[in-house]
Amino acid sequence: MRNRKLKINFILPFKSLNGGVKVVLEYANHLTVLGHLVTIIYPLIPYYFGENKFSFKDRWWQLRGFAANLLRRNKINWFNLKAELKRVPWIAEQFLAGSDIVVATAWVTAYSVAGLSRSKGEKFYFIQGYETWQGQIEKVDNSYRLPLKKIVIASW
């Protein structure tokens, strides 16, 4: 088992430049260098984090992300990614290949990963912080109760 190469899928909510995404990409690169088959998967239309579904600002951000994903194709220009990058219409069973491990990287992706079948891999949730910056405290808290193995980077 020690020398076994794992197939690992990281599920991003979007591929925009931010600290949380960059950390995931760093881990993906390290795992790739170790010989694992790592794929970063993100949806064509970025996840919606907001509480108000009718917020023009939030929907504008989503629309901009969608347009950027179309225009920039399947690339990340701001990071030297060694892992595979895959864009899918949305995070769902039919668009994901089977893997050994599938990792949610944000509270919104945790719900998607929790709904996947076992064939998509053992389910993990990489928690980098308490993601309440968009006002969805109850949904964030409930994401910690999902049947996913937690990976955390802070003792608190």
Side-chain angles (χ1 to χ4, degrees), residues 7-32 38-99 101-117 120-154:
K7 183 167 175 45
I8 304 167
N9 289 334
F10 283 94
I11 309 300
L12 289 179
F14 49 78
K15 65 177 179 108
S16 302
L17 171 58
N18 79 20
V21 170
K22 186 174 186 287
V23 168
V24 171
L25 300 181
E26 292 281 358
Y27 280 113
N29 273 359
H30 288 295
L31 290 165
T32 299
V38 180
T39 304
I40 302 293
I41 301 167
Y42 68 97
L44 179 60
I45 301 173
Y47 273 85
Y48 176 71
F49 285 80
E51 200 166 356
N52 179 357
K53 292 181 182 188
F54 302 105
S55 164
F56 177 77
K57 179 182 171 188
D58 291 344
R59 292 304 180 185
W60 176 247
W61 179 86
Q62 238 183 342
L63 182 61
R64 282 185 41 219
F66 171 71
N69 285 340
L70 286 176
L71 295 172
R72 292 190 190 119
R73 312 225 182 230
N74 194 36
K75 294 181 190 176
I76 294 180
N77 297 326
W78 51 268
F79 188 85
N80 183 23
L81 183 63
K82 294 172 175 64
E84 179 185 354
L85 181 65
K86 182 178 182 185
R87 179 178 64 204
V88 296
W90 59 88
I91 305 303
E93 192 82 20
Q94 64 267 32
F95 303 118
L96 302 180
S99 64
I101 295 171
V102 59
V103 183
T105 62
W107 72 264
V108 289
T109 64
Y111 288 96
S112 296
V113 168
L116 296 173
S117 69
K120 302 307 172 187
E122 191 167 348
K123 302 171 188 178
F124 287 84
Y125 183 5
F126 181 47
I127 303 167
Q128 298 185 65
Y130 190 41
E131 301 174 281
T132 58
W133 31 265
Q134 287 288 55
Q136 298 273 23
I137 293 172
E138 186 176 323
K139 288 184 179 179
V140 172
D141 289 347
N142 288 338
S143 74
Y144 302 141
R145 295 180 189 93
L146 294 169
L148 308 171
K149 294 181 179 174
K150 294 6 172 229
I151 301 169
V152 297
I153 62 169

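Residue indices begin at 1 and follow the sequence shown.
Here NZ of Lys150 is found 8.5 Å from OH of Tyr125. Values are rounded to the nearest 0.5 Å. For the atom pair Ile45 CD1 and Ile91 CD1, the distance stands at 11.5 Å (nearest 0.5 Å). Distance check: Lys86 NZ to Ile41 CD1 gives 6.0 Å after rounding to the nearest 0.5 Å. With rounding to the nearest 0.5 Å, the separation of NZ in Lys123 from OG in Ser117 is 7.0 Å. Between the CD1 atom in Ile127 and the OG1 atom in Thr105 there is a gap of 11.5 Å [rounded to 0.5 Å].
Heavy atoms from other residues, nucleotides or ligands lying under 6.0 Å from NZ of Lys22 number 12 at most. The neighbour count for Phe126 CZ, taken as heavy atoms of other residues, nucleotides or ligands under 6.0 Å away, is above 12.
Considering only heavy atoms from C-beta on, Ile151 stays 4.5 Å or farther from Tyr27 through its side chain. Looking only at side-chain heavy atoms (C-beta outward), Trp78 and Leu25 come within less than 4.5 Å of each other. In this structure the side chain of Val23 never reaches within 4.5 angstrom of the side chain of Glu26, judged on heavy atoms. Here the side chains of Ile137 and Tyr130 are in contact, with some heavy-atom distance below 4.5 Å. Under the 4.5 Å side-chain criterion, counting only non-hydrogen atoms from C-beta, Tyr144 is not in contact with Trp107.
No donor-acceptor pair closer than 3.5 Å links the side chain of Glu131 to the backbone N or O of Val140. Checked by atom type and distance alone, the side chain of Asn80 never pairs as donor or acceptor with a backbone atom of Asn29 at under 3.5 Å.
Among all heavy-atom pairs drawn from Leu96 and Lys120, the shortest one is O-NZ, 2.5 Å. Residues Pro89 and Pro43 approach most closely at O-CB, 4.2 Å, considering heavy atoms. Between Ala110 and Leu148, the shortest heavy-atom distance links the atoms O-CD1, 3.7 Å. Looking at every heavy atom in both residues, Ser99 comes nearest to Ile101 through OG-O, 3.0 Å.
Applying side chain to side chain contact (heavy atoms under 4.5 Å, CB included) to Asn9 and the options Val102, Val103, Leu116 leaves one that passes, Val102. Here the rule is side chain to side chain contact (heavy atoms under 4.5 Å, CB included) with Phe10, and of Thr109, Leu31, Val21 only Leu31 fits it.
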